[in-house]
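Handing you this structure, nothing more for now.
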Amino acid sequence: MIQLKKVLVPTDFSDSAKHAFSYGVSFAREYHAELILLHVVENLTVGYASDLFPVPMAEVFQEISGYARAELAKLAAEAKQKGAAVSELVVQGKPSAEIVRYAAENEVDMIVLGTHGKGMLDQALFGSTTERVVRRAPCPVLTVRLSEHEFVEGD
C-alpha cells in the first residue's frame with residue numbers, strides 16, 4: 001500500500017510547474033499528505049562590470065524572494081481551498097541541488113515537478129533541473145508534461 005505523508009512540489013511559476021502543482025494537490029488530498037511548495041532563488045552571478053556598477057545583492061535577493069513568497073501564497077491559498085494541508089518555503093541556491101537536499105533532509109515521500117521550467121537556454125546548455133532531480137532524488141519523482149494524457153480532473 002502506498003503511503004504518502006509529504007509531497008514536495010518545487011515551482012518556478014512556469015506553466016509546466018503550475019500544471020505539476022495540480023497533480024501535487026491531488027496526491028496531497030488523496031493521501032492526506034502535507035503539500036510542500038518550494039521555490040529556489042538561484043544564486044546570482046555577478047560579472048566584471050559589478051566593480052563599475054555595484055549592485056546591492058542582498059536587496060536583489062530580498063526583492064526576488066518577496067515576489068516568490070507572494071506567488072507561493074497564491075498557490076497555497078488555492079491548495080487550501082481544495083482541501084490540502086500546505087507549507088511554503090523559499091530558499092537560495094542551485095535549484096536541483098536544493099530540491100534534492102530538502103527532500104533528503106525532510107523525509108519527503110514524493111516529488112512532483114514539471115518537465116519544462118523557465119530558462120530554456122539554461123536547459124539547452126546544462127541539462128534540465130528536472131533531469132538532475134530525477135537522477136539524484138532520494139524518493140520517487142513524478143514528472144508532469146503539458147498537454148499529455150491527464151488523470152487529474154479539475155475541481
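Just so you know, these numbers use all the heavy atoms, side chains as well, and skip hydrogens, waters and symmetry mates.
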If only atom types and distance count, is the side chain of T130 paired as donor or acceptor with the main-chain N or O of G114 below 3.5 Å? yes
Considering residues, nucleotides and ligands other than E107, do more than 12 of their heavy atoms fall under 6.0 Å from its CD?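 Atom CD in E107 is not packed in, count stays at 12 or less.
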Hydrophobic cluster identity match, V86 and L89, side-chain contacts under 4.5 Å: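 Different clusters: V86 never reaches L89 through Ile, Leu, Val, Met, Phe, Trp or Tyr contacts under 4.5 Å.
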How close do K82 and R29 get, counting heavy atoms only, and between which atoms?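 The pair with the smallest heavy-atom distance is O-CD, 2.5 Å.
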Cluster link Y67 to L37, ILVMFWY, side chain under 4.5 Å: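 Yes; L37 is reachable from Y67 via cluster members.
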State, to 0.1 Å, how close V144 and S16 come at their nearest heavy-atom pair, and which atoms those are. O-OG, 3.7 Å
Using the rule given for side chain to side chain contact (heavy atoms under 4.5 Å, CB included), can you reason through C139 versus D109, listing the C-alpha separation, both sets of side-chain angles and the distance that settles it, and then say yes or no? CA-CA 6 Å; C139 61; D109 298 304; 5.9 Å; no
Quick one: NZ on K74 to CD on E88, what's the gap to the nearest 0.5 Å?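 Here the rounded value is 12.5 Å.
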Quick one: do M110 and V141 end up in the same hydrophobic cluster if we chain Ile, Leu, Val, Met, Phe, Trp and Tyr together by side-chain heavy atoms under 4.5 Å apart? no
Would you list the atom pairs, donor with acceptor, under 3.5 Å between side chains in residues 4-11 and any protein atom, with sequence neighbours excluded?
unit_1, atom_1, unit_2, atom_2, d
K6, NZ, N106, O, 2.9
T11, OG1, F13, N, 2.9

Donor-acceptor contact present, side-chain R145 to main-chain T115, <3.5 Å: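 No; zero donor-acceptor contacts below 3.5 Å.
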Minimum side-chain heavy-atom gap L35-F21 below 4.5 Å: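 Yes; the side chains approach each other to less than 4.5 Å.
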Please name the pair of heavy atoms, one in K94 and one in V40, separated by the smallest distance, quoted to 0.1 Å. C-CG1, 4.1 Å
Let me confirm one number: the OG1-CG distance from T129 to L113, rounded to the nearest 0.5 Å.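 Going from OG1 on T129 over to CG on L113, the span is 8.5 Å.
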Under a 4.0 Å N-O cut-off, is there an ion pair linking E131 with R135? yes
CZ (R136) and CZ (R101) are apart, to the nearest 0.5 Å, by 12.0 Å
Hphob cluster co-occupancy, I99 + Y102, side-chain heavy atoms under 4.5 angstrom: yes
Taking only residues two or more places apart in sequence, or in another chain, which ones meet P138 in a side chain to side chain contact (heavy atoms under 4.5 Å, CB included)? V100, A103, A104
Between L142 and I111, is there a shared hydrophobic cluster once you connect ILVMFWY residues whose side-chain heavy atoms come closer than 4.5 Å? no
Would you check if E71 and L75 make a side-chain contact, meaning some heavy-atom pair closer than 4.5 Å? no
Do the rings of F27 and Y31 sit parallel, tilted or perpendicular, given the 30° and 60° boundaries? parallel
